[in-house]
Amino acid sequence: MIVVRGLQKAFGETVALAGVDLDVPEGTVLGLLGPNGAGKTTVVRIIATLLVPDAGTAMVAGIDVVADPQRARYAFGLAGQFAAVDGVLTGRENLEMVGQLYGLKRLEARARAAEALERLGLADAADRLVRTYSGGMRRRLDLGASLVGRPKVLLMDEPTTGLDPRTRMELWAFIEDLVRDGTTLLLTTQYLEEADRLANRIAVIDRGTLIAEGTADELKGRIGGDVLEVRVSTAADVARVVELLDGIGTERATADERTQKVRLPVRERVETLLAAARRIDEAGISVDDLGVHRPSLDDVFLSLTGRATESDNEQTPPGPGRRRRKGAA
Ligand SMILES: Nc1ncnc2c1ncn2[C@@H]1O[C@H](COP(=O)(O)OP(=O)(O)OP(=O)(O)O)[C@@H](O)[C@H]1O
Ligand SMILES: [Mg+2]
């Protein structure tokens with residue numbers, strides 16, 4: 001339903017996309033995962049006909065979005081990164097307006113708006129002005145707006161960023177319903193957990209280039225399963241702990257002197273945790289924290305690129321902006 005080939009886009013000196021290919025088969029979910037500035041929104045905006053690429057093609061339901069943007073717009077719904085609903089209208093008025101923009105008759109627009117408000121749990125607030133809505137309610141209404149035209153393809157740009165955990169889980173359940181009903185979805189996110197739960201396949205993008213693609217399990221497999229993390233009480237003991245953990249994980253442990261954390265990719269959660277605790281205890285080293293966690297986006301990035309996500313570490317250099325890193329995997 002979505003086919004993207006060789007997509008390139010530069011903003012002045014900044015290369016936002018350096019040749020991206022994506023495929024989203026009908027009825028499936030592709031999670032486009034990447035840190036701030038990776039190029040996720042740029043991909044979505046090009047597919048949504050809001051931005052023209054410098055090179056490459058994007059097709060939605062067989063329609064070339066660059067050659068035929070008018071027709072393409074009827075093929076998808078878009079829920080943007082920032083809620084695009086109007087604060088001086090009520091929730092219901094917003095959705096009825098969108099329906100009419102899609103060319104629906106008034107009664108039909110009214111019925112679909114009511115249905116969307118119901119499904120998104122906004123029925124009680126439907127007749128309040130949107131400017132009295134919370135951030136989460138606005139995001140939900142924005143999602144509702146993307147559904148009024150009953151698109152077969154949905155584009156969602158970070159649909160749950162900034163939402164509280166409960167609202168996020170409600171939205172996940174809602175998105176899963178849509179997919180069960182046959183909607184094809186391209187979803188961007190900064191959270192591996194979200195991609196893990198919703199996506200059939202995940203494409204990891206960094207600095208405008210795809211650096212990995214596969215199912216959640218395949219990506220996790222590439223980073224060796226779970227991660228054991230130890231926070232050592234005394235900086236002087238960090239190197240010692242790295243030595244002590246040698247041989248019990250799937251790779252050698254790495255240390256961050258600044259945070260006094262030692263990390264070790266592991267496969268057997270409980271066994272490795274017990275072995276690590278025993279060795280550290282026998283050596284008489286004091287630790288503040290010890291645990292095993294699921295890989296985070298940071299872990300995926302560390303493993304795929306050998307560096308932490310940009311938002312954590314380096315700053316974009318000042319001046320004419322960033323160029324594409326040479327030799328990206
Ligand atoms: N209109 C624009 N003008 C100039 N530079 C832009 C513009 N839009 C995006 N960029 C740059 O292109 C790169 C990719 O931006 P994009 O918004 O696609 O990232 P993103 O992956 O969506 O990030 P985030 O997670 O922060 O939303 C960034 O370096 C950004 O600064
Ligand atoms: Mg974005």
Side-chain angles (χ1 to χ4, degrees), residues 2 4-22 24 29-56 58 65-66 69 76-84 135 138-139 142-143 146 154-163 168 171 175 185-196 198-199 201-213 219 296-302 304-305 307-326 328-329:
I2 303 176
V4 166
R5 288 289 173 270
L7 222 49
Q8 294 182 26
K9 183 73 191 176
F11 298 100
E13 291 279 289
T14 306
V15 176
L17 298 179
V20 169
D21 298 339
L22 297 173
V24 194
V29 182
L30 178 72
L32 185 59
L33 185 71
N36 290 134
K40 303 181 298 294
T41 298
T42 306
V43 169
V44 170
R45 292 186 69 208
I46 290 172
I47 299 173
T49 76
L50 300 172
L51 198 63
V52 176
D54 298 336
V65 303
V66 179
F76 64 81
L78 169 68
Q81 184 168 9
F82 303 102
R138 280 173 189 245
R139 295 302 291 266
D142 198 44
L143 184 55
S146 69
L154 257 184
L155 309 170
M156 291 184 171
D157 195 7
E158 300 194 23
T160 69
T161 297
L163 298 184
R168 167 173 298 164
L171 259 185
I175 291 169
L185 177 61
L186 173 68
L187 162 112
T188 78
T189 182
Q190 300 188 32
Y191 309 115
L192 182 64
E193 189 194 359
E194 180 160 293
D196 198 359
L198 297 176
R201 297 189 73 76
I202 298 173
V204 185
I205 183 173
D206 183 30
R207 302 184 178 188
T209 306
L210 287 186
I211 57 173
E213 212 263 335
L219 290 181
S296 65
L297 177 58
D298 281 347
D299 299 318
V300 174
F301 260 79
L302 269 168
L304 290 173
T305 68
R307 61 181 172 76
T309 54
E310 210 153 82
S311 48
D312 274 0
N313 259 343
E314 44 179 284
Q315 297 288 316
T316 305
R322 203 169 61 199
R323 287 166 193 269
R324 179 150 86 104
R325 183 177 36 133
K326 296 272 158 45

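First listed ligand is number 1; within each ligand, the first listed atom is number 1. Computation of the quantities below employed the complete heavy-atom set of this structure, encompassing side-chain atoms and omitting hydrogens, waters and symmetry-equivalent molecules. Remember, it's a predicted structure, so these values are computed and weren't measured experimentally.
- In this structure, Thr42 OG1 and Phe11 CZ are separated by 4.5 Å, a value rounded to the nearest 0.5 Å.
- Ligand 1 has a nitrogen or oxygen under 3.5 angstrom from a nitrogen or oxygen of Gly39.
- Asp21 meets the side chain to side chain contact (heavy atoms under 4.5 Å, CB included) test with Arg5; sequence neighbours excluded.
- Residue contact annotation: Thr41 places an N/O/S atom under 2.8 Å from the Mg ion (ligand 2).
- Close contacts between ligand 1 and Glu158 involve ligand atoms 24 (P), 25 (O), 27 (O) [criterion: under 4.0 Å to a heavy atom].
- Nearest heavy atoms, Pro35 versus Asp206: CG-OD1, 3.9 Å.
- Polar contact check, Phe11 against ligand 1: no nitrogen or oxygen pair lies under 3.5 Å apart.
- Taking a cut-off of under 4.0 Å to the non-hydrogen atoms of Ala38, the atoms of ligand 1 that pass are 19 (O), 20 (P), 21 (O).
- In summary, the atoms of ligand 1 found under 4.0 Å from a heavy atom of Thr42, numbered by their order in the structure, are 14 (C), 15 (O), 16 (P), 18 (O).
- Here the shortest heavy-atom distance to atom 21 (O) of ligand 1, taken over Arg207, Arg45, Lys40, belongs to Lys40.
- Lys40 pairs in a side-chain contact (heavy atoms from CB on, under 4.5 Å) with only one of the listed residues (Thr188, Leu33, Thr189), which is Thr188.
- Backbone and side-chain nitrogen or oxygen atoms of Gly37 are examined, and one is located within less than 3.5 angstrom of a nitrogen or oxygen of ligand 1.
- Counting atoms of ligand 1 from 1 in the listed order, those under 4.0 Å from a heavy atom of Pro35 are 21 (O), 25 (O).
- With ligand atoms numbered from 1 in the order given, ligand 1 contributes 29 (O) to contacts under 4.0 Å with heavy atoms of Thr14.
- Taking every non-hydrogen atom of Thr41 and a distance limit under 4.0 Å, the qualifying atoms of ligand 1 come out as 17 (O), 18 (O), 20 (P), 22 (O), 27 (O).
- Residues forming a side-chain hydrogen bond (donor to acceptor under 3.5 Å, both in side chains) with Glu213 (at least two apart in sequence, or on another chain): Arg201.
- When the options Ile202, Leu198, Val24 are evaluated for a side-chain contact (heavy atoms from CB on, under 4.5 Å) with Leu30, the one that passes is Val24.
- Exactly one of Leu32, Leu219, Leu210, Thr209 qualifies for a side-chain contact (heavy atoms from CB on, under 4.5 Å) with Val204. That residue is Leu219.
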